[in-house]
Amino acid sequence: MRTFMGYARPDGSVGVRNHVVLLPSVACANGVVAAIARAVPDAVPLYHGHGCGRAGADLMLHQRTLVNIAKNPNVAAVLVVGLGCEVIRAEGLALAISLSKKPVEHLYIQNEGGSRRAAAKGAEIARRLLADASKIERSPSPLSVLRLGLECGGSDAFSGITA
């Protein structure tokens, strides 16, 4: 059987990377996520430009996308950062991500008393998550569990399909 060296996750998936992700629940939290990433350069910020103006199917798609990005096998742990007044709540994202049994924490900028305090607390959490993730060792895993992602080059509407 052919194998690769991967990071086994509690949900049975296996990653080739061992990232600690900083996930804003809303674009308004991108600044604090950036400050955390500057303080903890080994953490991976996943910025997005979307905000509170979500409803119905669009809201569900946005939330599901954020959760599934965080549940990617290459992610060891997640810190969800919310502003505190957005529609897609950091707490709800963290709960949905936790179903993958990976470590996940959340904080709200408004609850911490502003951006600087939230960034300081977030950096502390990120450092702890990184320390825990660094203890995860690679192990031989069957190729059958390897997931590959392709990125569309954006050259035309069919480039992703062609890949």
Side-chain angles (χ1 to χ4, degrees), residues 4-52 54 62-141 145-154:
F4 70 100
M5 296 300 287
Y7 295 99
R9 304 294 177 211
D11 67 355
S13 63
V14 180
V16 294
R17 302 280 187 265
N18 204 33
H19 296 307
V20 169
V21 163
L22 308 172
L23 182 68
S25 64
V26 64
C28 302
N30 282 344
V32 169
V33 166
I36 297 168
R38 283 191 301 276
V40 187
D42 288 336
V44 178
L46 298 180
Y47 309 111
H48 62 88
H50 302 285
C52 298
R54 302 281 180 210
H62 187 175
Q63 185 164 333
R64 188 175 71 231
T65 300
L66 292 175
V67 168
N68 286 332
I69 287 170
K71 289 168 62 176
N72 183 290
N74 290 317
V75 176
V78 182
L79 170 59
V80 183
V81 179
L83 181 57
C85 57
E86 63 274 12
V87 175
I88 297 178
R89 306 285 295 166
E91 182 176 17
L93 291 174
L95 178 62
I97 294 163
S98 74
L99 297 177
S100 67
K101 300 182 180 98
K102 67 177 61 179
V104 59
E105 297 196 32
H106 73 280
L107 64 84
Y108 289 107
I109 297 164
Q110 293 172 345
N111 290 356
E112 298 305 321
S115 296
R116 288 187 181 153
R117 288 183 180 160
K121 182 173 182 178
E124 179 183 312
I125 293 168
R127 284 186 192 99
R128 184 170 24 85
L129 292 172
L130 277 166
D132 291 344
S134 72
K135 296 173 187 169
I136 303 170
E137 295 184 14
R138 289 181 187 258
S139 58
S141 303
V145 299
L146 182 62
R147 294 185 194 168
L148 296 178
L150 302 175
E151 183 176 346
C152 173

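Everything numeric in this text was worked out from a predicted model, so none of it was measured. Along the sequence shown, residues carry numbers from 1.
- Judged as a salt bridge (Lys or Arg N to Asp or Glu O under 4.0 Å), the pairs with a partner in residues 103-122 (not counting sequence neighbours) are, in order, Glu105-Arg128, Glu112-Lys121.
- The NZ atom of Lys102 lies 6.5 Å from the CG atom of Asn72; values are rounded to the nearest 0.5 Å.
- Contact check for Cys28 versus Glu86: no side-chain heavy atoms found under the 4.5 Å cut-off.
- Between Arg9 and Ile136, the closest side-chain pair of non-hydrogen atoms falls below 4.5 Å.
- Among all heavy-atom pairs drawn from Ile36 and Ala119, the shortest one is CG1-O, 3.6 Å.
- Between the side chain of Arg89 and the backbone N or O of Gly84, at least one donor-acceptor pair lies under 3.5 Å.
- Nearest heavy-atom pair, Val104 versus Ala94, reported as atom, atom and distance to 0.1 Å: CG1-O, 3.4 Å.
- Side-chain contact between Val81 and Ile109 is present, with at least one heavy-atom pair separated by less than 4.5 Å.
- At a threshold of 4.5 Å between non-hydrogen side-chain atoms, the residues Val78 and Leu93 do not count as touching.
- Between Tyr7 and His19 the shortest side-chain heavy-atom distance does not fall below 4.5 Å.
- Leu83 CG to Asn111 CG: the interatomic distance, rounded to the nearest 0.5 Å, is 10.0 Å.
- Within the 4.5 Å cutoff, side-chain heavy atoms of Asn74 are placed close to those of Val16.
- Within the 4.5 Å cutoff, side-chain heavy atoms of Leu66 are placed close to those of His48.
- Among all heavy-atom pairs drawn from Ala39 and Ala123, the shortest one is CB-CB, 4.0 Å.
- Other residues, nucleotides and ligands place more than 12 heavy atoms under 6.0 Å from the CD atom of Gln110.
- For the pair Ala27 and Gly49, the tightest heavy-atom approach, listed with the atom from each and the gap, is CB-C, 3.7 Å.
- If you take CG on Asp132 and CZ on Arg127, they are separated by 14.0 Å, rounding to the nearest 0.5 Å.
- Residue Asn18 holds its CG atom at 11.0 Å from CG of Asp42, rounded to the nearest 0.5 Å.
- The shortest non-hydrogen separation linking Gly122 to Leu79 is O-CD2, 3.5 Å.
- Under a 3.5 Å cut-off, the side chain of Ser141 and the backbone N or O of Ser139 do form a donor-acceptor pair.
- Taking all atoms of both residues into account, the shortest heavy-atom contact from Ala96 to Val67 is CB-CG2, 3.7 Å.
- A donor-acceptor pair under 3.5 Å is absent between the side-chain atoms of Asn30 and the main chain of Pro24, judged by distance alone.
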